[in-house]
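By convention in this document, chain letters (A, B, ...) are assigned in the order of the sequence lines, proteins followed by strands, and residues within each chain are numbered from 1.
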Number of protein chains: 2
Amino acid sequence: MAQSNNVTPLFNDLAKIQRDHNIACQDCSLYRLCLPLGLHSDDLAQLDQIIKRSQSYKRRQSLFTVDNKFTSLYVVRSGSFKTMISASNGRDQVTGFYFPGEFIGLDAIHQQTYQSNAKALESSSVCELPFENLQELGKDMPKLQVQLLTRLSKELAGDKSLMLLLGKKTAGEKLATFLLSLSKRFQDRGFSSTEFQLTMSRTDIANHLGLAVETVSRILSRFQEDDLIVITGKAISLQNIGKLKALCG
Amino acid sequence: MAQSNNVTPLFNDLAKIQRDHNIACQDCSLYRLCLPLGLHSDDLAQLDQIIKRSQSYKRRQSLFTVDNKFTSLYVVRSGSFKTMISASNGRDQVTGFYFPGEFIGLDAIHQQTYQSNAKALESSSVCELPFENLQELGKDMPKLQVQLLTRLSKELAGDKSLMLLLGKKTAGEKLATFLLSLSKRFQDRGFSSTEFQLTMSRTDIANHLGLAVETVSRILSRFQEDDLIVITGKAISLQNIGKLKALCG
DNA sequence: TTGTTTCCATGATCTAGGTCCATAAATTTG
DNA sequence: CAAATTTATGGACCTAGATCATGGAAACAA
């Protein structure tokens, strides 16, 4: 492709990438889901200045790893990430998946070191928010602080639900709940709530839900037999959201 | 006891209770663990004014229940609490236990309604922090905001560890991890790290760890046979913290 | 193109821990 | 205080889902 004799498409792609990455918060399609929500335009301009945009990560590349010094919060701009923590004996737990507009690193604030490994699931990009600058800014911008608290609180509530899932639900209920949670998040982001890509591997899903990979495969096959979903590789289509909801327990 | 002809002990008890409950933040034994950490004394005085102290709850009494309007954060002053969330079919999950100096209700900020039921495990008391006042105060008190963020972040990190426990650990590992987590928290509060009361029922423990009550009983008995612990009803004594740590996985 | 590796699906077996039951101890109530 | 209820323990059995094993399909490298 680099030696293509027609240079226009490549040029356009690059231009588009530039544009997407340098876009100001107020023009960003994620505005509604992201930190600046509710800020006045002059506050927004200040926030804009401290954000480091345009950070790209390839599949499997780490955003940070456990015990790295905590410097910044990250907001997913495009693509997706997973976070993992490890038990002393090597077993690990995928603690979350993160999609555009979602924050990564919130659990690092209290210790000033990152508490997990964060890895890109596909080619992805983030906005980096240096925490010190953010705090500095927050002093004169109460709404920013409220937004941060809200973000943390939301993730906390989500994790409590996940505890219910991990502790009390059957394999089928876990998968149904997981698929609907993804559906909801994609819908909130303006994507289809019924057709999307499972950017994480089956192994990641299994791990996250406290199941074996084999179980995930089997249940997904069963869901397919029951006409609840159609799966083709990583692409999934939810055929009967009502029944899936009923299965969540 | 009310008709005791010697009135002095009762009078003293009441005086003590009064004193304990109205004590100012700066004189509180929980100061080090609580919100005011790092505030200057005039800031502290302001915080003192918005705190509603002296709220007592009896065993089983609710601090709040799901979907109640969120108005305040609570800090445990004495005693202990549990929080629970419910699946649609009645199964529920104990999402946390809370001891003196710990915050309850942080996951309610984002929805403005409480996300769980919070119940006293014994006669307990809390300090109530009306959130609006707290936010108002936070505008001129950056350190207060940082403290709040830190609190949230800490609970978030704890919940991620709990996900690892629920998803990946065996029954024995779960119990060992749980006991050591309590031990650590009591130690931080200046209590014994080896001798304490399990104020929650075996059922609550089982539920929290994603186990059956019977399993909890059996494992605790096994730990006792192996001279790791001594249990007498709700009182527990850790005999071999080293071995317990090794069992955590 | 052909290894090489990673990922996914599915069948066959095994087991940790759940469920069910009975009893005993502790706590609450009247 | 006894009666009633709740809470704790332990045995017998069973099942959901883990583990083991195999083969095929993508993804990746050389």
A:Tyr74 vs A:Glu102, test: side chain to side chain donor-acceptor pair (under 3.5 Å). Steps then yes/no. CA-CA 8 Å; A:Tyr74 296 91; A:Glu102 296 180 330; over 6 Å; no
Please report, rounded to the nearest Å, how far the [atom2] atom of [N] is from the [atom1] atom of [X].
| X | N | atom1 | atom2 | value |
| --- | --- | --- | --- | --- |
| A:Leu198 | C:dC7 | CG | P | 15 Å |
| A:Leu121 | D:dA27 | CG | P | 16 Å |
| A:Ile229 | C:dC8 | CD1 | P | 14 Å |
| A:Arg222 | C:dT10 | CZ | P | 13 Å |
| B:Arg59 | C:dT28 | CZ | P | 6 Å |
| B:Asp204 | D:dT6 | CG | P | 15 Å |
| B:Leu175 | D:dA8 | CG | P | 13 Å |
| B:Leu209 | C:dG18 | CG | C1' | 15 Å |

Using modelled atom types only, decide if a donor and an acceptor are shared between the side chain of B:Asp92 and the backbone of B:Ile85 within a distance under 3.5 Å.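 No; judged by distance alone, with no hydrogens or angles, the pair does not exist.
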Does [N] have OP1 or OP2 under 4.0 Å away from a side-chain N or O of [X]?
| X | N | result |
| --- | --- | --- |
| B:Lys234 | D:dT7 | no |
| B:Thr170 | C:dA16 | no |
| A:Ser201 | C:dC7 | no |
| A:Thr215 | D:dA16 | no |

Need one value for [X]: base, sugar-phosphate or nothing, where a base atom within 4.0 Å counts as base even if backbone is also close, heavy atoms only.
| X | result |
| --- | --- |
| A:Lys174 | nothing |
| A:Leu220 | nothing |
| A:Gly172 | nothing |
| B:Lys169 | nothing |

Can you find a donor-acceptor pair, distance only, under 3.5 Å between A:Glu214 side chain and C:dC8 base?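 In this structure, the two groups form no donor-acceptor pair.
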Side-chain donor or acceptor of B:Arg218 under 3.5 Å from a matching atom on the base of C:dT19?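 Looking at the base of C:dT19, it does pair with a donor or acceptor on the side chain of B:Arg218 (distance under 3.5 Å).
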If we check side-chain hydrogen bond (donor to acceptor under 3.5 Å, both in side chains) with B:Ser80, which of these qualifies: B:Gln197, B:Lys119, B:Glu122?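 Going through B:Gln197, B:Lys119, B:Glu122 one by one, the side-chain hydrogen bond (donor to acceptor under 3.5 Å, both in side chains) with B:Ser80 is satisfied by B:Glu122 alone.
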Taking the side chain of A:Arg60 as its heavy atoms from C-beta onward, which of C:dC8, C:dT6, D:dA8 lies nearest to it?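 Nearest nucleotide to the side chain: C:dT6.
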Compare the minimum distances between each of C:dT10, D:dT9, D:dG17 and the side chain of B:Ser217, then state the nucleotide with the smallest one.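 Closest nucleotide to the B:Ser217 side chain: D:dT9.
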Which residue, A:Ile231 or B:Ala171, contacts DNA chain C at a nucleotide closer to its 5' end, judged by nearest heavy atom?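 Upstream on the strand: A:Ile231.
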State, without any angle test, whether B:Lys168 and A:Asn207 hold a side-chain donor-acceptor pair at a distance under 3.5 Å.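 A pair is found: one side chain offers a donor N or O, the other an acceptor, under 3.5 Å apart.
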Pair B:Phe186 + B:Phe99: ring centers closer than 6.0 Å: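 Yes.
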Can you list the steps and then say if B:Val230 with B:Ile236 is a side chain to side chain contact (heavy atoms under 4.5 Å, CB included)? CA-CA 6 Å; B:Val230 174; B:Ile236 187 169; over 6 Å; no
